[in-house]
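See below for the structure under consideration.
In what follows, chains carry the letters A, B, and so on, assigned in the order in which the sequence lines appear, proteins first and then strands, with residues in each chain numbered from 1.
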Amino acid sequence: MPPFYVTTPIYYVNDAPHIGHAYCTVNADAIARWHRLAGDDVFFLTGTDEHGLKVAQAATANGLSPQAWTDELAPRFAGAWADLQIANDDFIRTSEARHHRTVQQFLQRIYDNGYIVSDTYRGWYCVGCEQYYAEDELAGDRTCPVHGRPAEWYEEENYFFRLSAFQDRLVEWFESDPGRILPEQKRNEALSFVKGGLQDISITRTSIDWGVPVPWDPRHVFYVWYDALVNYLTAIGYGQDDDRFARWWPAVHHLIGKEIIRFHCVWWPAMCMAAGIDPPNHVQVHGWLLVGGEKMAKSKLNQIAPGDLTVDFGVDPVRYHLLRDTPLGSDGDFSYEGITARYNADLANNLGNLLARVATVVGTKCGGVGPAPDPASRLAAVAAGVVAEASGAWEAMQPAAALEATWRLIRETNAALESAEPWKHAPGPAVDAVLGSALESLRIVALLASPAMPSTCAEIWRRLGLGGLPEDRRVPDDAAWGGYPGGLAVEKGAPLFPRRQE
RNA sequence: GGCGGCGUAGCUCAGUCGGUCAGAGCACACGGCUCAUAAUCGUGGGGUCGCGGGUUCGAGUCCCGCCGCCGCUACCA
């Protein structure tokens, strides 16, 4: 089985989980589920980023140690993902011992290779913020934009990563495979940044101690980004289990938001090179899920918690909407009108209603026993085309396109019923052929849509009378026309997606 | 300022190498059906493919200019 390693960024634990986080995580989950369905050996990783000044400050403000503080916060993310039926294989926290060990090993290696050097960091520093500011970030008279008091000129001995040494190799990496960073626009953005020249980066801090200690100089801790990125290696046994590491690396797919392109497409591959391992195979960049045209932010009070939506719409409809309405790469704008429209059109009217009408007619014309599909049905060709298109789209990390293709089979099946009108005819082979084919379409839809809506598709599977779960099947083999055996008891059940008013 | 991108039906968007490319879904209108969650099916778009030039037998699809919008231009988790 080919290895398929997919990651989300580790989320900064000081944030509350919101649908922007959920957007990325659900996409990664659906893609992971698709690859499991395709028979790949999948490892899906997410987690939390817990170091850094702001976390330490928040902990202090709450009268807790940073560790105790993050122990309280991390489960909010893990819990949010459990609620959304996210099937991650591991959940990593950067404060874990295993991660500290890997960071130290990895960065020691880079140090030994001569790519981390001691140098002096100079800049305008605000004591209140405990932070450096670039010249143009400061207000008039070089005052801190937050505190309004003058920043001070500081010089600090720091360790620097020699990013500048990797410009040529990074360009080579970018150009060795046009699919390295997708979509192409983001790739070009990152590439032009690299071509514009790279400076060395300060990667350690002495001002705080909530972080991973620098092994060769314990007065320092690593700057959060330099420890955070390494999580992708920690979880697959870097330095601990060489066979395991070799199985998953560099066959990785990093799913990230556009705001962290530089870290993942420039710093990270360079760090890997410096440590003597291959850079990641693929970085998939997604846009932002906006609310009212703006990025969600604590300060704007426009964050929407996933739980607020799932209580109202259900888990699978929320997952479906996130996957279907915002293709990876572009920004999306979340709205209740948007999710409601999608819910009614695609889930209630098309999918839910199709299952209901077919189940009813199977009940009246076939005594509730689902007939076998017609091998010569017009839908067979439609289904084959849909399977091919949806598969291609999932492979290309385009869940929206995959689902759009899948829904074409639903529409065609509704149309086929309309033209055959089995409810008007006496029971018999002709009616059986039409209804069996409709059931077969639903079976294939349940298979293809299961990465997006695992619970719903399992329920459809069950109502069709099929044993096991869609996720136990394999594509493309089990998506071939004719897989529905017939002779199974079909259950109508309550509406899968009750239509929503307004 | 520099580099890059975008501007196609009311809405969200597809449109590979220039020649049925003027499309899909939603919304809307009309008609059919009444098995189904007032769901579904069919039919309907006089859209200057941002504006103006150019190349070509022929351009959303290539070139130039203009207008409008957006992203990046480093040490922020």
For A:Glu337 and B:U12, give me the distance from atom CD to atom P, rounded to whole Å.
14 Å
Kindly indicate whether the side chain of A:Glu175, heavy atoms from C-beta on, has any atom under 4.5 Å from the side chain of A:Leu191.
yes
Rounded to whole Å, how long is the line connecting atom CZ of A:Arg357 with atom P of B:C35?
10 Å
Which part of the nucleic acid, if any, lies within reach of A:Leu496 when heavy atoms closer than 4.0 Å are counted: base, sugar-phosphate only, or nothing?
base
Base, sugar-phosphate, or nothing for A:Gln199, non-hydrogen atoms under 4.0 angstrom?
base
Once you apply a heavy-atom cut-off of 4.0 Å, does A:Lys258 come out as touching a base, just sugar-phosphate, or nothing?
nothing
Under 4.0 Å, counting only non-hydrogen atoms across every strand here, what does A:Ser202 touch: a base, just sugar-phosphate, or nothing?
base
Would you call A:Glu459 and A:Arg462 a salt bridge, using N to O less than 4.0 angstrom?
yes
Let me spell it out: for each of A:Asp331 and A:Leu163, pick the nucleotide of RNA chain B with the closest heavy atom. Which residue's pick is nearer the 5' end?
A:Asp331
Within less than 4.0 Å of OP1 or OP2 of B:C72, is there a side-chain N or O belonging to A:Asn188?
no
Considering only B:G71, B:U40, B:C76, which nucleotide approaches the side chain of A:Arg262 most closely?
B:C76
Indicate, with a heavy-atom threshold strictly under 4.0 Å, whether A:Gly352 touches base, sugar-phosphate, or nothing.
base
Is there a side-chain contact between A:Pro327 and A:Gln398 in this structure, where contact means two heavy atoms from C-beta onward sitting under 4.5 Å apart?
no
Would you state whether a donor and an acceptor, one from the side chain of A:Glu404 and one from the base of B:G25, lie under 3.5 Å apart?
no
Using a 4.0 Å heavy-atom cut-off, does A:Leu354 contact any base of the nucleic acid, only the sugar-phosphate backbone, or nothing at all?
nothing
Among the nucleotides B:C75, B:A24, B:C35, whichever has the atom closest to the side chain of A:Tyr223 is B:C75
Nearest-angstrom distance, P atom, B:A39 to B:A24:
23 Å
From the set B:C26, B:A36, B:C76, return the single nucleotide nearest to any side-chain atom of A:Phe263.
B:C76
Strand partner of B:G1, provided both Watson-Crick or wobble distances fall under 3.5 Å
B:U73
Please confirm whether the shortest side-chain N or O distance from A:Lys424 to OP1 or OP2 of B:U34 is below 4.0 Å.
yes
Span that lies between the C1' atom of B:A38 and that of B:C33, in whole angstrom
13 Å
Does A:Tyr343 reach a base, just sugar-phosphate, or nothing at all? Heavy atoms under 4.0 Å.
nothing
B:G60 and B:C70: how far apart are their P atoms, nearest whole angstrom?
28 Å
Rounding to an integer number of angstrom, what distance separates B:A22 and B:U61 when you compare their P atoms?
14 Å
Once you apply a heavy-atom cut-off of 4.0 Å, does A:Trp225 come out as touching a base, just sugar-phosphate, or nothing?
base
Integer angstrom distance from the P of B:C13 to that of B:G71
16 Å
A:Asp15/A:Lys54 salt bridge by N-O under 4.0 Å criterion
no
What does A:Ala415 touch in the nucleic acid at a heavy-atom separation under 4.0 angstrom: a base, only the sugar-phosphate, or nothing?
sugar-phosphate
Is there a side-chain contact between A:Lys492 and the phosphate of B:U37, meaning an N or O under 4.0 Å from OP1 or OP2?
yes
